[in-house]
Amino acid sequence: MRLYNSLTRKKEELVPLREGEVSIYACGVTVYDDCHVGHARGAVFFDVLRRFLEHRGLKVTYVRNFTDVDDKIIRRANEEGVSWREIADRYIEAHERDMGALGVRPATIEPKATDHVDEIVELVRDLEGRGLAYAAGGDVFYRVRRFADYGQLSGKRVDELESGARIEVNDVKEDPLDFALWKGSKPGEPAWESPWGPGRPGWHIECSAMSMKILGREFDIHGGGRDLLFPHHENEIAQSCGAGAGFAHCWVHNGFVNIDNEKMSKSLGNFFTIREILDRFPAEVVRLFLLSTHYRSPIDFSDRALTEARAAVDRVYTFLKQAEQGAAEGWREAPAALVAAVDGLEVDFDTAMDDDVNTAAALAAIFERVRLFNRVLTEGDGAAGRAAAAAMAAEVRRLGAVLGLFQDDPEGWFHAGVDLDEQEIEAKIAARLAAREAKDWARADAIRDELAGAGIVLEDGGGKTTWRRG
RNA sequence: GGCGACGUGGCCCAGUGGUAAGGCAGGGGCCUGCAAAGCCCUUAUCCCCGGUUCGAGUCCGGGCGUCGCCUCCA
């Protein structure tokens, strides 16, 4: 497959280091608060990338870390008067709950920075020995100008960075561009012993240390949100390649979630947490929404967009509900065009996904088939046609799984989130059926209207009446 | 100021030089007791101006507009 490599700024064929295996490191979250929809986008994207590679028969080792020691965690702990560990644990748990609810599979390995302090110290010592790091006042900094390739990933030039004058002022640094590898601890702050005195890791070093520890000094894919590209990933490259590692071959960055055309972010305060959204929309709706735009483009978050995504997911489940009523036996006897449509879905799907994870095009391939086989089902194309529709449904489910979509039971999907008691609904449907048989249309419609008022939509068809949430 | 991305029908969104996928919404029709769902039909000078090419939404240049990174941020 081809993936856009931020390092070379073009799509490149993914050629794994070890045949048949792919190693991925994606930067996770700093656990100091609940995750919002922006975090969900990154998590869902890498989840889908991983599932697709597995679908293609590759063995994927997917690492996603937790940054569990950091200034923001400490600040939050101080505000609440609890330990930093308590804050970190609380939000790791919240992250697992929210991502799990979104259908994001746990990564193969989910390391925490604080479990890898030894490796971090070791890496900093290595850099110090190479003259790329220096201790100053209990801290250790990276000597940015010593690393010739600095700026390669972000396309920034060291001289231009300095003129920006937006760099942290710090008297002990040799150069304003230098960044912290190790931070000396003040009393009461989390601290680990080190050659430079008690302290804790800087932000960027943990990802270098953990990725190389777990995946090796050279691995296939490293990624995260676009905003991590600079300085975080640039600094990781400086740290790892500075220490002589080959490091990541392909850098993959997902775009932002916007609100009213503006980046959703903590600092702007214009965010919705995953939990808030899942309160109002099913996980699959959120996933389809996130996957309906290419991962590198910005995506605008709105109620309207979510509502449209819900209608789209409903459309697929409506098809599955109809198509799965029959068996797929003998479907190859169906007209050639239908057989080709079934066989062609995986081809179209894979072609789209092979091209830099084009989930929007992959979804389009599914929707094309939904329309085609809805026609087959309404026009009653005989037993073979119905069998082909059932076969198509099975393919939609199999490939939907790669996106983490369309795995629910249609009835469960359409009945979820309804307040009324199901037996009560069935009783009203039976009463309406009696009225219809007596041709008492006024009474039949009154019952339907009553249910509609409770958000229940009735559908007559195939001699039966079914219901779903509106 | 430096670097970069984007601008496709009413809305969202795909499109790897050869006359535009898909979703949502609207209108008309079929089906239905009426509906709902489904199906059929229906709407695009691809931001503007130049250029390259037999041919450009797709490549190049300029303009306008929007956004992002350069500071913690998925």
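The figures here come from the full heavy-atom set of this structure, side chains too, leaving out hydrogens, waters and symmetry mates. Order of the sequence lines fixes the chain letters, A, B, ..., with proteins taken first and strands second; residue numbering starts at 1 for each chain. Values in this document were obtained by computation on a predicted structure and should not be read as measured data.
Nucleotides B:U43 and B:G27, compared at atom C1', are 10 Å apart to the nearest Å. Between the C1' atoms of B:U8 and B:G22, the separation comes to 13 Å (whole Å). Only the C1' atoms considered, B:U71 is 39 Å distant from B:C49, to the nearest whole Å. Taking atom P on both B:G51 and B:A14, the two are 31 Å apart, rounded to the nearest angstrom. Using atom P as the reference point in both B:C6 and B:G15, the two lie 11 Å apart (nearest Å). Taking atom C1' on both nucleotides, B:C48 is separated from B:G65 by 11 Å, rounded to a whole Å. Between the P atoms of B:C24 and B:A37, the separation comes to 11 Å (whole Å). Spacing of C1' atoms, B:A74 relative to B:U32, comes out at 49 Å, to the nearest Å.
Contact annotation for A:H36: base contact, defined as any heavy-atom pair under 4.0 Å involving a base atom. In this structure, A:E368 reaches the sugar-phosphate backbone alone: every heavy-atom distance under 4.0 Å involves primed, P, OP1 or OP2 atoms, never a base. If you check every strand for non-hydrogen atoms under 4.0 Å, A:F256 touches a base. Residue contacts shown for A:G28 are limited to sugar-phosphate atoms, with no base heavy atom under 4.0 Å away. Here A:N254 lies in heavy-atom contact (under 4.0 Å) with a base. Looking at heavy-atom distances under 4.0 Å, A:T293 makes contact with sugar-phosphate atoms alone, never a base. Residue A:V257 is classed as a base contact, given a heavy-atom separation below 4.0 Å to a base. Here A:Q322 lies out of heavy-atom contact (under 4.0 Å) with every strand. Within the nucleic acid shown, A:K263 comes within 4.0 Å of at least one base atom, counting heavy atoms only. Nucleic acid contact class of A:R371 (heavy atoms, under 4.0 Å, all strands): sugar-phosphate only. Within 4.0 Å of A:S265, counting heavy atoms only, lies at least one base atom of the nucleic acid.
Between A:H232 and the choices A:W251, A:W203, A:F179, the ring-ring contact (aromatic ring centres under 6.0 Å, His included) rule is met once, by A:W203.
A:E284 places a side-chain N or O within 3.5 Å of a backbone atom of A:F406 that can act as its donor or acceptor partner. Of the possible polar contacts, one joining the A:E234 side chain to the A:L153 backbone as a donor-acceptor pair under 3.5 Å is found.
Between the side chain of A:E308 and the base of B:G23, at least one donor-acceptor pair of N or O atoms lies under 3.5 Å.
Legend: residues meeting side-chain hydrogen bond (donor to acceptor under 3.5 Å, both in side chains) with A:T108, ordered by chain and number and at least two apart, are absent. A:R226 is linked by a side-chain hydrogen bond (donor to acceptor under 3.5 Å, both in side chains) to nothing, counting only residues two or more places apart in sequence or in another chain. Applying the side-chain hydrogen bond (donor to acceptor under 3.5 Å, both in side chains) test to A:R75 and every residue at least two apart in sequence or in another chain returns nothing. Checked against side-chain hydrogen bond (donor to acceptor under 3.5 Å, both in side chains), A:Y4 has no partners two or more places apart in sequence or in another chain. Judged as a side-chain contact (heavy atoms from CB on, under 4.5 Å), and not counting sequence neighbours, the contacts of A:A209 are A:E119, A:I120, A:L123.
Between A:Y62 and A:Y25, a ring centre-to-centre spacing not shorter than 6.0 Å is recorded. Between A:H233 and A:H204, a ring centre-to-centre spacing not shorter than 6.0 Å is recorded. Aromatic pair A:F219/A:F247: ring centres closer than 6.0 Å.
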Give every pair of a protein N or O atom and an N or O atom of nucleotides 31-34 of chain B that lie under 3.5 Å apart, one pair per line with the distance.
from: B:G33; atom 1: N7; to: A:R436; atom 2: NH2; distance (Å): 3.4
from: B:G33; atom 1: O6; to: A:R436; atom 2: NE; distance (Å): 3.2
from: B:G33; atom 1: N1; to: A:D445; atom 2: OD1; distance (Å): 3.0
from: B:G33; atom 1: N2; to: A:D445; atom 2: OD1; distance (Å): 3.4
from: B:G33; atom 1: N2; to: A:D445; atom 2: OD2; distance (Å): 2.7
from: B:C34; atom 1: O2; to: A:R448; atom 2: NH2; distance (Å): 2.4
from: B:C34; atom 1: N3; to: A:R448; atom 2: NH1; distance (Å): 2.9
from: B:C34; atom 1: N3; to: A:R448; atom 2: NH2; distance (Å): 3.4
from: B:C34; atom 1: N4; to: A:D460; atom 2: OD2; distance (Å): 3.3

Between the protein and nucleotides 63-66 of chain B, which nitrogen or oxygen pairs come in under 3.5 angstrom?
from: B:U66; atom 1: O2'; to: A:N261; atom 2: ND2; distance (Å): 2.4

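Near RNA chain B, meaning a heavy atom under 4.0 Å from it, residues 3-15 of chain A has no residue at all. Contacts with RNA chain B (heavy atom under 4.0 Å) in residues 223-231 of chain A: A:G224, A:G225, A:D227, A:L228, A:F230, listed by number. Taken residue by residue, residues 345-364 of chain A places heavy atoms nearer than 4.0 Å to RNA chain B at A:D355, A:N358, A:A360, A:A361, A:A364.
Using the six-membered ring where Trp is involved, A:F319 and A:F373 have ring planes that are tilted, between 30° and 60° apart.
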Which pairs would a plain distance check flag for residues 443-456 of chain A, meaning a side-chain donor or acceptor within less than 3.5 Å of a matching protein atom at least two apart in sequence or in another chain?
from: A:D445; atom 1: OD1; to: A:R448; atom 2: NH2; distance (Å): 3.4
from: A:E450; atom 1: OE2; to: A:K428; atom 2: NZ; distance (Å): 3.1

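A:E160 has its CD atom 6 Å from the P atom of B:C3, to the nearest Å.
In this structure, A:K266 forms a cation-pi arrangement with A:Y32, its terminal cationic atom sitting closer than 6.0 Å to the ring centre and no more than 45° off the ring axis.
Counting only residues at least two apart or in different chains, side chain to side chain donor-acceptor pair (under 3.5 Å) contacts with residues 348-361 of chain A comprise A:K11-A:D355, A:H55-A:D350, A:R56-A:D354, A:H294-A:D356, A:Y295-A:D356, A:R296-A:D356, A:D348-A:R369.
Counting only heavy atoms from C-beta outward, the side chains of A:D260 and A:N270 never approach each other to under 4.5 Å.
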Task: Derivation and outcome, ring pair (Phe, Tyr, Trp, His ring centres under 6.0 Å), residues A:H95 and A:F66 - done: CA-CA 10 Å; A:H95 180 276; A:F66 286 112; 5.0 Å; yes
